[in-house]
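Presented below is the structure to which this report refers.
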Amino acid sequence: MAEPAVFLIHGLGGTQYDLGSMHKRLKNAGFVTYSLTLPGHGTRPEDLVQVRAEDWLEAVRLKYREIVGQHEVLHLMGMCMGSLLAVETAKRERHATGQLVALAPPIYIDGWATPWYRGLRPLLYRVPGVPARMKVAEEDPYGIKNEQLRAIVKAKFERGENFHYGWVPLACLREVDRLRAMVMKDLGKIECPTLVVHAREDELTSLRSANYLVESIGGKKRAGRARMVVLEDSYHMVCVDNDREIVARSVLEFFGASAAGSLGMGVTDAGMTGTEMGALLAGAQSDLGAGDFAALYARGIPDMAWFQPGANRTSGVHRGAKGLARLQAWAGAGVRFQAFGAPSFNAGMAVVPATLTEGRLASQGVLVVVMRKHKLIEVRWFPDQGEAEDAHFGGEPVAEGPSPAEKAFEAAAAASKTLRTAPDNDTLLALYSLYKQGSIGDVAGARPGVLDVLGRAKFDAWASRKGLPREQAMADYAKLVGSLQAREAQAGTGVTDGPSA
Amino acid sequence: MRSSSTKFFGTVALMAAAYLLVGALSRALANAQTHTVAVWLAAGVVFGALLVAPWRQWAAVLCGAALAAAVWGTAAQRLGLAGSLLFAAAEVTSVAVGAWLARSGIERDTDQVHRAGYFVLGALATGLIGATLGAELWRWHRPGIAYGAEWRTWATSTAVGILLAAPVIAAFKDFAVKRSGGMGMAQFGAGLAAFAVFVLVGWSVFGLGVEQRFGTVASTLAYLPMPFLLLASMLWGARGGSVAMLVGALLLIGLTAAGGGPFVVAEAFVGEAVVEVQAYVAVWAMLALLLQALSEGRRGALADARAWQLRYERTLQASGVASVEFDAVTGAALWGEGAAALLGPEAADLGRIADWHARIDPGDRPIAERAWQAVVQGRQAGAIDSYSVRLGGASVPVEMSLAAVHGPDGAVEQVAGLLRVAAAKVAEERRG
């Protein structure tokens, strides 16, 4: 297969849950992912008693050999004990068809939260019956620094979910210790580029483990073969903790894939898959083809902006509801975008050839549509010949800032803050409806339900202004605020004059 | 699965073996002129077992203790059959009553200090009842004994045995070896250092020849080692602390029994110094229990508070809601933990209700201000309104719910607010 593949190995007592969303991220980035459930896992902790380190290695080896021939590129990746297995397999199999990633490798069991008696376990291994019977429990902090996530994991343990064993037999730790000893030998034989990801605050295994691996694999003459990413805000479970995004990005970049692509995003984090971006663009093209700019803006964030270049009456940045109103003033009379070419998507944006038409004008260029999380952020029009548009539309660019009517409107809005006494309900609704009509235009959306008395009253008041031109609504608003100010001034005078009258 | 009878007899055998073993160890620690053994940890073992065993296993524990006590009475005290049975009865009755008192209190009270108090009460009750019954037994069996000395020795040795041994058993009840999350090496090392200092100082003060080393001040040095033992006990937590207290106390008792230390000045009877040092140790053991209880209470309270905080944050965050409390008089705003996540960094600038109103869309602001006034003046119990606010350069649609919080005189003291961002993703986008 031409697609690169990644073989992911979970940790001791765990499942693929240990690797968080790595499978999904890798798949999104175009990798085929493989995994396995290690012997003794996925059932009951007691099933680990008889499992030897060689059993885990053999299971990994078999899976590795099954898939290595199917792909030109196969990367190996493991978490915790899985990383030890990945390293040992890379060493034994002379892995060279891809790269190696070791996440939180426990070369040393010396993390800050490991109990003081950890050094006594070799003695206990020798006591007959103890390794098989003694349970080594998972405890707070469960390898997770993020307290909210930790609470969730704790709840999963309490519910008895089989995502991770609550304990492992001591015999199992003996096998991990044996595996650690195997891994520590002959690390120089590893030929593939290696990435080690380790948290500085790993409570199970200190940064010494990562240093050892990197120095042993990529030290001296092999300098550069291994590198390390140190996480500053995680404990042991690096794929699910605070730094999981850094882990995903580091791994994907190490594999030569776009981290953004793994999310179906551009580098600006579009938060959408390519298909979703295509669908949103198609909708936007449909609106532009129909000249329905209101519908286009409805696909955007509230502050969506249209960038119109040139030096004519259409030029400027038309942002938000007011921008739409300004844009509609020149585009509402028949501006269309047609003859769309094949779009190209990159980094959260789509670039699509188009032709702007109005009357006899047919101006060719490209539209750049920036989108994020299913919303349009901005649309920029780049005509091939801006002079043609200047000649066609004529006039001067819209002055930056508000028009005189808008200035009066804004001043009135500011003055409304200074009113000392709250007007009666009818006046409040009048202020509200005029402001909305002046700033946005006709009311849109569904009328609130009967239980939302206030929302319904506001909606009805605004709806009663439907069709009122925005300029008129602005003027009426300013007039109403002025009259309220005058009334207050009169009342204030009356109060002052009262005693002397 | 083991049958109930197997389990019963297993418990009996285990209890009896532990009793005899610890009894022999206790007797080896000190000799006294009294018939009562001067150091008696066996009572503590039985007491501890009764504290941690399910109620249904009490019979097996008591049977094992009675059997062992009868054997002890015959073999070690040479009491004969009747005397041995009475000895066992005195021992088991006193421990059962004391443990029942302690456990009843501990199970119905969640306050850690109270629970420590019930434990001490149970230990003292066991000592008093046992001493009374035991001293009567000695008087009946061996007329002419020093009744007071016997009573005092039984009471002290039993109470101290419980205060030292039972916490160890209770602390290790749910012990499990941990992969991570246990006491770290640094903490263990600090406790070990404190314990080492205790041993050194204790050996100097309680060892032989203390008067030659320190002269007349020797008797005033008894308290010198104990702060280090307490420190080790606190650093090592409930399990390590109880072991430290047991080992440390036995060290001092053993040194005193060997003729060293400030308590061997003038003895009314042989072994009196051992009884006295036990009383001294008992005070420190009770202090350690109190400190452990305070520490555990604090830890539990912090954990509870954090759990509540996390639950509260999680609920609000998942619902896209931020909470806020406004002072009705000053308008000062106290935003909940999740506000910054929902509103972005500008949440820090919304220190007063006026700051909030200033960001409301001008068309909505007069209505929102009127609603605020109505609530804060007590004309309305609450208000709900939807509007847009300017945050991070964007217009964010929100729903604000206000509710008055009344003082005892009915005046509105605070206004509680719940803010829901209509499109939570807007804030997310703004942050992202």
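Only heavy atoms go into these numbers, but all of them, side chains included; no hydrogens, no water, no symmetry mates. Residue numbers start from 1 in every chain, and the chains themselves are labelled A, B, ... in the order their sequence lines are given, proteins ahead of strands.
- Counting heavy-atom pairs under 4.5 Å between each of B:S388, B:P366, B:G363 and chain A puts B:G363 at the top.
- There is no contact between A:L124 and chain B, counting heavy-atom distances below 4.5 Å.
- With a 4.5 angstrom heavy-atom cutoff, B:E313 touches chain A via backbone and side-chain atoms both.
- Using a 4.0 Å cut-off between charged nitrogen and carboxylate oxygen, B:R179 and A:E139 do not count as a salt-bridge pair.
- Within a 6.0 Å sphere centred on CZ of B:R311, heavy atoms belonging to other residues, nucleotides or ligands number more than 12.
- Between the CE atom in B:M185 and the CH2 atom in A:W116 there is a gap of 8.5 Å [rounded to 0.5 Å].
- The stretch residues 369-381 of chain B places B:R370 near chain A, each with some heavy atom under 4.5 Å from a heavy atom of that chain.
- For A:L468, the CG atom counts as densely surrounded, since its 6.0 Å shell holds more than 12 non-hydrogen atoms of other residues, nucleotides or ligands.
- By number of non-hydrogen pairs under 4.5 angstrom with chain A, the leading residue of B:K178, B:R365, B:R314 is B:K178.
- Between atom CD1 of residue B:I367 and atom CG of residue A:N425 there is a gap of 8.5 Å, rounded to the nearest 0.5 Å.
- When the heavy atoms of residues 141-150 of chain A are compared with those of chain B, the residues falling under 4.5 Å are A:P141, A:E147, A:Q148, listed by number.
- In terms of the side-chain contact (heavy atoms from CB on, under 4.5 Å) criterion, residue partners of B:M234 (sequence neighbours excluded) are, by chain and number, B:L291, B:Q292, B:S295.
- Heavy atoms closer than 4.5 Å to chain B are found in the backbone of A:D424, but not in its side chain.
- Ranking A:Y477, A:W462, A:W167, A:Y117 against chain B, the residue ahead of the rest is A:Y117, based on heavy-atom pairs under 4.5 Å.
- For B:F228, the CZ atom sits in a loose shell: 12 or fewer heavy atoms of surrounding residues, nucleotides or ligands are nearer than 6.0 Å.
- Residues of residues 430-458 of chain A lying under 4.5 angstrom from chain B, judged on non-hydrogen atoms, are A:L431, A:Y432, A:Y435, A:K436, A:L454, A:K458 in numerical order.
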